[in-house]
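Let me begin by presenting the structure, written as structure tokens, before commenting on it.
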Protein chains: 2
Amino acid sequence: MANSKLYKGSLVTIILKLLNESDKMYGYEITQKVKELTKGELKITEGALYPALHKLEAEGLLEVEVKKVDNRLRKYYKLTEKGNKETVSKLQELQDYIKTMQVLVNPKLSLE
Amino acid sequence: MANSKLYKGSLVTIILKLLNESDKMYGYEITQKVKELTKGELKITEGALYPALHKLEAEGLLEVEVKKVDNRLRKYYKLTEKGNKETVSKLQELQDYIKTMQVLVNPKLSLE
DNA sequence: AAATATACATAATATTCTTATGCATATAGT
DNA sequence: ACTATATGCATAAGAATATTATGTATATTT
């Protein structure tokens, strides 16, 4: 997430949405998926990602399952029911934010 | 700016764009204009606004002119030439951010 | 053999915001 | 007349979220 300051606050939304699509993912996989989808424009840093995953787990939005693959550890995360609800809410928040910003930045538009 | 976490990082963009449209504005006026444009959805807090204005001025993006109106002080801010350039850049950043987020959140879209 | 990729983690620091507080004048409501 | 709200500025303490740096460990590529 080493880019424009606007990404601050978006990480949780991104994590939740990706898990919503992919059933279960592990941390490193998330960083790679974001890099791929954004063609390298957005790079999630580990120092931001791992604490965020831990926090979401602590809040009961994610549940974790540890697996050993190729003699290396992977922590697979998946959404809980609570996590599913929060995903919907976060996506709505994002749409609202985008709409609001477009109104502020494009004086021809207006909120209704 | 007592709102969704997504607004973090957007304040400077909002300030610059409003000044770009209105020639010159004072702080309180900016808070009211944002409230009006967003129909109360977004409220800029003074604790965020004033330090941001001071920083932009220190960076040479804004210049200030103090006026006394109705026996009360107003500090009018306007964009410098450097501020104009930064406005263009910040608006581009916002468009890029929105595009990137839509790709991440809507798997049917893609960046080109 | 060394560099890169995979995979996790945390600590120090920076940035940006909220909340709380302070000062001062003007106006509207009771 | 008194009080609340509006106008207008400002700063400090604290929260939230990220960057940068560092650490551990195994696997693969050059």
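Note on naming: letters A, B, ... go to the chains in the order of the sequence lines (proteins, then strands), and numbering restarts at 1 for each one.
Between Leu53(B) atom CG and dC17(C) atom P the separation is 12 Å, expressed in whole Å. We find that CG of Leu49(A) is positioned 14 Å from C1' of dT10(C), with the value rounded to whole Å. Tyr7(B) has its OH atom 20 Å from the C1' atom of dA15(D), to the nearest Å. As rounded to whole Å, 12 Å separates atom C1' of dA18(D) from atom CG of Leu42(A). For Lys55(B) and dA10(D), the NZ to P distance is 17 Å, given to the nearest whole Å. Rounded to whole angstrom, the span from the NZ atom of Lys75(B) across to the C1' atom of dT11(D) amounts to 13 Å. Rounded to whole Å, the distance from CG on Leu11(A) to P on dA18(D) is 5 Å. Remark: C1' of dG8(D) and CG of Asp70(B) are 11 Å apart, rounded to the nearest angstrom.
Listed nucleotides: dA10(D), dG8(D), dA18(D). Nearest to the side chain of Ala48(A): dA18(D). Which of dT19(C), dT10(C), dT20(D) sits closest to the side chain of Thr45(A) comes down to dT20(D).
Residues Val64(A) and Leu56(A) share a hydrophobic cluster, clusters being chains of Ile/Leu/Val/Met/Phe/Trp/Tyr side chains in contact below 4.5 Å.
Between Lys5(A) and the phosphate of dT15(C), there is no side-chain N or O to OP1/OP2 separation shorter than 4.0 Å. Close to dT11(D), at under 4.0 Å from its OP1 or OP2, lies a side-chain N or O of His54(B). At dA25(D), none of the side-chain N or O atoms of Asn71(A) fall inside 4.0 Å of OP1 or OP2 (strictly under the cut-off). Distances shown here put every side-chain N or O of Tyr50(B) at or beyond 4.0 Å from the OP1 or OP2 atom of dA10(D).
Mapping Ala52(B) and Tyr77(A) onto DNA chain C by nearest heavy atom places Tyr77(A) at the nucleotide closer to the 5' end. Between Glu46(A) and Gly9(A), the residue anchored nearer the 5' end of DNA chain D, judged by the nucleotide with its closest heavy atom, is Gly9(A).
Within the model, atoms CG of Leu91(A) and CE of Met101(B) stand 8.5 Å from one another, a figure rounded to the nearest 0.5 Å. Rounding to the nearest 0.5 Å gives a distance of 4.5 Å between OG1 of Thr87(B) and CG of Leu79(B).
Residues of residues 17-34 of chain B having a heavy atom closer than 4.0 Å to DNA chain C: none are found.
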What pairs of nitrogen or oxygen atoms, one from the protein and one from nucleotides 12-14 of chain C, lie under 3.5 Å apart?
none

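Here the side chain of Lys82(B) pairs a donor or acceptor atom with the backbone of Glu59(B) at under 3.5 angstrom. Within the 3.5 Å criterion, the main-chain N or O of Lys99(B) finds no donor-acceptor partner in the side chain of Gln102(B). Of the possible donor and acceptor atoms, one in the side chain of Thr80(A) sits under 3.5 Å from a partner among the backbone N and O of Gly83(A). Remark: the backbone N or O of Leu19(A) is not paired with any side-chain donor or acceptor of Ser22(A) at under 3.5 angstrom.
Contact annotation for Arg74(B): backbone-only contact, meaning every heavy-atom pair under 4.0 Å involves sugar-phosphate atoms and none involves a base. Here Lys68(A) lies out of heavy-atom contact (under 4.0 Å) with every strand. Residue contacts for Lys67(A): at a heavy-atom cut-off of 4.0 Å it reaches no nucleic acid atom on any strand shown.
Residue Leu49(A) comes nearest to Gly27(A) through the heavy atom pair CD2-O, 3.3 Å, listed as atom of the first residue, atom of the second, then distance.
Taking the six-membered ring for Trp and the full ring otherwise, Tyr7(A) and Tyr97(B) have centroids separated by under 6.0 Å.
Within the 4.5 Å cutoff, the side chain of Glu93(A) has no heavy atoms near those of the Thr13(A) side chain.
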